[in-house]
> 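This is the structure I have questions about; it appears just below.
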Amino acid sequence: MTSIQLKKLAKKYKDITVVNNLEFSVKQGEFFALLGENGAGKTTLISMLCGLLTPSSGDALVLGNSILTNIEKVKPQLNISPQETAIAPNLTVRENLEFIAGIYGISKNEAKIKTTEMIELFHLKEKEKAKAKTLSGGMQRRLSIAMGMITNPKIFFLDEPTLGLDVRSRRELWANLAKLKGKMTIILTTHYLEEAEALADRIVILQKGSLKGLGTVEELKQQTNTETFEDAFLAICDEEGQVYASFCNS
Ligand code: ATP
């Protein structure tokens, strides 16, 4: 079953194209990574798929519904963990989770049960009663993702979830994300290639809004005749990358 299907989806600002006629599909339950250098159009694409931004042309079907005409219908089944964590600093970890569950119409009792589940899944037990602003950056990220997860979305967008985290926190978060595999469709944007390599079923590589590569890590390496995913990424991104990759390998 298809979760997301892009149909020549495009976004322009004046005459600058930042998402260029994209066409690809994401399967239900797939862990899908969006990669690309700064300004490639990843956040713009996610914003359109969530109904936060109107496309300039084209369309996309999200859970079978057009983002042009029917996005409100599917919004309750989507959630996004944005680049900036969206937590309330003066509420405790538990209060933040129960609050967001309430917004999504989950009953008080169920919200309590789900909050306990999330606190366990994301290893936040010892901080349950601490105000969110007192958590470390890594813990705040975990809370932010737990707040997206508690609504049990069919599609979960994760925009650079491990940005700025230290190696240990990043690895811990990967372990959490790996547990979600197959349970929902996950669209991950990241600059950490090893993160996409470790977690994603398939990867799309964008450059200046256009699709440059699509496939599994192995497929992308084969297509570019490279041995590491980093080399494949550089080779796909541009000619200079190809030169750079072969330079590094020599
Ligand atoms: P990063 O990895 O740096 O987060 P990204 O791949 O998410 O980048 P976007 O944030 O989608 O890229 O931006 C794509 C392009 O669109 C950039 O060149 C950006 O400057 C441009 N852009 C984004 N929003 C606007 C806007 N409101 N008006 C004009 N240009 C914009």
Side-chain angles (χ1 to χ4, degrees), residues 4-26 30-60 62 67-68 71 75 78-87 137-138 140-141 144-145 148 153 155-166 169-170 173-174 177 185-200 202-215 217 220 229-241 244:
I4 299 174
Q5 189 182 0
L6 274 60
K7 297 176 160 188
K8 294 201 182 239
L9 187 64
K11 182 73 185 173
K12 279 185 178 180
Y13 288 108
K14 293 196 176 143
D15 43 4
I16 299 171
T17 300
V18 298
V19 169
N20 189 9
N21 292 336
L22 293 181
E23 287 207 288
F24 61 83
S25 298
V26 180
E30 197 170 17
F31 201 125
F32 196 84
L34 279 179
L35 301 184
E37 292 164 351
N38 292 130
K42 305 179 295 293
T43 303
T44 306
L45 173 58
I46 287 186
S47 303
M48 288 194 285
L49 295 175
C50 292
L52 301 172
L53 202 58
T54 311
S56 305
S57 60
D59 195 1
V62 176
I67 57 170
L68 299 179
I71 190 69
K75 265 189 184 168
L78 314 178
N79 214 322
I80 179 163
S81 176
Q83 279 182 18
E84 317 78 32
T85 54
I87 56 180
Q140 290 193 13
R141 287 261 158 186
S144 176
I145 293 172
I155 307 177
F156 195 22
F157 296 90
L158 288 163
D159 200 1
E160 301 193 35
T162 62
L163 184 73
L165 295 191
D166 63 40
S169 305
R170 195 181 311 149
L173 199 50
W174 288 2
L177 295 179
T185 306
I186 297 182
I187 312 292
L188 166 84
T189 73
T190 181
H191 286 291
Y192 299 110
L193 299 184
E194 69 274 31
E195 183 163 301
E197 220 176 341
L199 293 168
R202 282 193 307 153
I203 292 166
V204 78
I205 298 176
L206 299 181
Q207 195 187 34
K208 294 185 182 149
S210 296
L211 191 149
K212 288 281 169 178
L214 172 63
V217 168
L220 293 170
F229 182 52
E230 192 168 311
D231 285 349
F233 177 81
L234 288 170
I236 287 166
C237 277
D238 54 24
E239 306 270 337
E240 260 172 64
Y244 181 72

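Position 1 is the first residue of the sequence, and the numbers go up from there. Counting starts at 1 for both ligands and their atoms, following the listed order.
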> Using modelled atom types and a 3.5 Å cut-off, is there a donor and acceptor pairing between side-chain atoms of Ser56 and backbone atoms of Lys12?
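Present.
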> Any donor-acceptor pair under 3.5 Å linking the side chain of Thr17 with the backbone of Val19?
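No; zero donor-acceptor contacts below 3.5 Å.
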> Return the residue, atom name and 0.1 Å-rounded distance of the protein heavy atom closest to atom 3 (O) of ligand 1.
Asn38 ND2, 3.0 Å
> Which heavy atom of the protein is the closest neighbour of atom 7 (O) of ligand 1, given with residue, atom name and distance?
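Answer for atom 7 (O) of ligand 1: Thr43 OG1, 2.7 Å.
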> Taking ring-ring contact (aromatic ring centres under 6.0 Å, His included) as the test, write out the residues that go with Phe233, two or more places apart.
none
> What I want to check is whether the side chains of Thr190 and Glu195 have a donor and an acceptor closer together than 3.5 Å.
yes
> I'd like to know if atom 20 (O) of ligand 1 has any protein heavy atom within a distance of less than 4.0 Å.
no
> Is there a heavy atom in Glu160 that sits closer than 4.0 Å to ligand 1?
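Judged by the 4.0 Å heavy-atom criterion, Glu160 does count as contacting ligand 1.
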> Examine the proximity of ligand 1 to Val18 and report which part, side chain or backbone, both or neither, has a heavy atom under 4.0 Å away.
side chain
> To the nearest 0.1 Å, how far is atom 29 (C) of ligand 1 from its closest protein heavy atom, and which atom is that?
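For this ligand atom, the closest protein heavy atom is Tyr13 CG, 3.4 Å.
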> Should you measure from each heavy atom of Ala40, which atoms of ligand 1 turn up under 4.0 Å away?
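Here the atoms of ligand 1 in question are 5 (P), 6 (O), 12 (O).
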> Checking Thr43 against Asp159: is there a side-chain donor and acceptor pair closer than 3.5 Å?
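Indeed, the side chains of Asp159 and Thr43 share at least one donor-acceptor pair under 3.5 Å.
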> Hey, is ligand 1 close enough to Gly39 that some N/O pair sits below 3.5 Å?
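Yes, at least one N or O pair falls under 3.5 Å.
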> Assert yes or no for the condition that the ring centre distance of Phe32 to Phe24 is strictly below 6.0 Å.
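Judged by ring-centre distance (under 6.0 Å), Phe32 and Phe24 do meet the cut-off.
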> Is it true that a side-chain atom of Ser210 and a backbone atom of Asn20 form a donor plus acceptor pair closer than 3.5 Å?
no
> Taking atom NZ as the centre, does Lys7 end up with more than 12 heavy-atom neighbours from other residues, nucleotides or ligands that are less than 6.0 angstrom away?
no
> Report yes or no: does a heavy atom of His191 sit under 4.0 Å from some atom of ligand 1?
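True for this residue.
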> Going by the atom numbers of ligand 1, which of them fall below 4.0 Å from some non-hydrogen atom of Thr44?
9 (P), 11 (O), 13 (O), 14 (C)
> Under a heavy-atom criterion of less than 4.0 Å, does Gly41 contact ligand 1?
yes
> Can you check atom 26 (C) of ligand 1: any protein non-hydrogen atom closer than 4.0 Å?
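So far as the 4.0 Å threshold goes, atom 26 (C) of ligand 1 is in reach of a protein heavy atom.
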